[in-house]
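Below is one structure, written out as structure tokens, with a few remarks after it.
Index from 1, following the sequence. Each ligand, and each atom within it, is numbered from 1 in the order the structure gives. Hydrogens, waters and symmetry mates are skipped; everything else that's a heavy atom, side chains included, is used.
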Amino acid sequence: MLMKTVPAKAGTVVSGPRKIGISARTSASRLTINADQKKQLAAEAALKYVDEDTIIGIGTGSTVNLFIDALAARKLRIRGAVSSSDSSTARLKSHNIEVFDLNATGDLDLYVDGADESDRHLRLIKGGGAALTREKIVAAASRRFVCIADESKLVDVLGRFPLPVEVIPMARSYVARQLVLLGGHPVWREGTITDNGNLILDVHNLHIVDPVGLETTINQIAGVVTVGLFAKRKADVLILGTPTGVKTLK
Ligand code: 5RP
């Protein structure tokens, strides 16, 4: 039932901020920009949601890395950040941005994170970078969730991207059997250990027409820590980088 596989996402090369050299107003017919450049546009557009003197929630992934870099380059005077992963913590600290424990901050005004897929209702699949549990916690504790992505992440129906599920190690096979009963094809992301010491199953072959229902059902399987469906706490704003600039959905 469980096949060996490579991680759901290969690493993405991160372009440094301000290296793109494109204008959002340039004619689309003359413009070809790659996915990283679209991510950069989305990341920079999210800066306008940041209020100075606040602590902001920070997600994980290549788009968020661009956001962190843009935040530092713009020299916005924030108090600091709550991070959703060890990798984001390291990047924040490399820019001398103070990282706070969520237990010490209370709820946050803003959470900025990427996504693996979004539908037009801003319900998301996340967890390609295996940080879904802490991402879900910080998103839940934030009043506004701004999601940043390149336009390829927008889909009509969630499920083309394999749905990540973080599981307690001893429950891996049990949870996989339950996911098969739900119609999915779970694949163990071998070699990946989450920041919480758990494993990831990537569930293929899902056509998710009821994201809230499926999120609830998978959450209730014994041994599941977190399912990468962000439907109950979806994004409030989705900023998509496109060849002609950003497109914002609310
Ligand atoms: C990490 C995530 C990321 O937000 C998601 O994988 C998108 O990553 P990227 O910005 O690199 O495309 O959920 O767990």
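For ligand 1, the atoms lying closer than 4.0 Å to a non-hydrogen atom of Lys126 are 2 (C), 3 (C), 4 (O), 13 (O). Residue Thr60 has at least one heavy-atom neighbour below 4.0 Å for each of these atoms of ligand 1: 1 (C), 2 (C), 3 (C), 4 (O). For ligand 1, the atoms lying closer than 4.0 Å to a non-hydrogen atom of Gly114 are 4 (O). For ligand 1, the atoms sitting less than 4.0 Å from at least one non-hydrogen atom of Gly127 are 2 (C), 13 (O), 14 (O), numbered in the order shown with element in parentheses. Residue Ala131 has at least one heavy-atom neighbour below 4.0 Å for each of these atoms of ligand 1: 14 (O). Set against the non-hydrogen atoms of Asp116, the atoms of ligand 1 under 4.0 Å away are 5 (C), 6 (O), 7 (C), 13 (O). Each of the following atoms of ligand 1 lies closer than 4.0 Å to a heavy atom of Asp113: 4 (O). Counting the atoms of ligand 1 from 1 in the order shown, those under 4.0 Å from a heavy atom of Ala115 are 4 (O), 5 (C), 7 (C).
By the 6.0 Å and 45° rule, Lys136 stacks over the aromatic ring of Phe230.
Ligand 1 has no nitrogen or oxygen under 3.5 angstrom from a nitrogen or oxygen of Gly61. Between Val64 and ligand 1, no pair of N/O atoms sits closer than 3.5 Å.
Among Leu102, Thr226, Leu132, Val82, the single residue meeting the side chain to side chain contact (heavy atoms under 4.5 Å, CB included) criterion with Ile137 is Leu102.
The distance from the OG1 atom of Thr133 to the CG atom of Asp195 is 9.5 Å, given to the nearest 0.5 Å. Considering CD of Gln40 and CG of Leu66, their distance stands at 5.0 Å, rounded to 0.5 Å.
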Please walk me through it: do Val246 and Lys38 pass side-chain contact (heavy atoms from CB on, under 4.5 Å)? CA-CA 8 Å; Val246 294; Lys38 292 174 193 169; over 6 Å; no
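The pair Asp116-Lys126 fails the salt-bridge criterion, with no side-chain N (NZ, NE, NH1 or NH2) lying under 4.0 Å from an Asp/Glu carboxylate O.
Within the 4.0 Å heavy-atom cutoff, Ala130 counts among the residues contacting ligand 1.
By the criterion of a heavy-atom distance under 4.0 Å, neither the backbone nor the side chain of Ala149 is placed next to ligand 1. Of the heavy atoms in Ser85, none comes closer than 4.0 Å to ligand 1.
Closest non-hydrogen pair, Ala171 versus Ala222, comes out as CB-O, 4.3 Å.
Of the N and O atoms on the side chains of Thr60 and Ser84, at least one donor lies less than 3.5 Å from an acceptor on the other residue.
There is no path of hydrophobic side-chain contacts, each under 4.5 Å, that joins Leu122 to Phe161.
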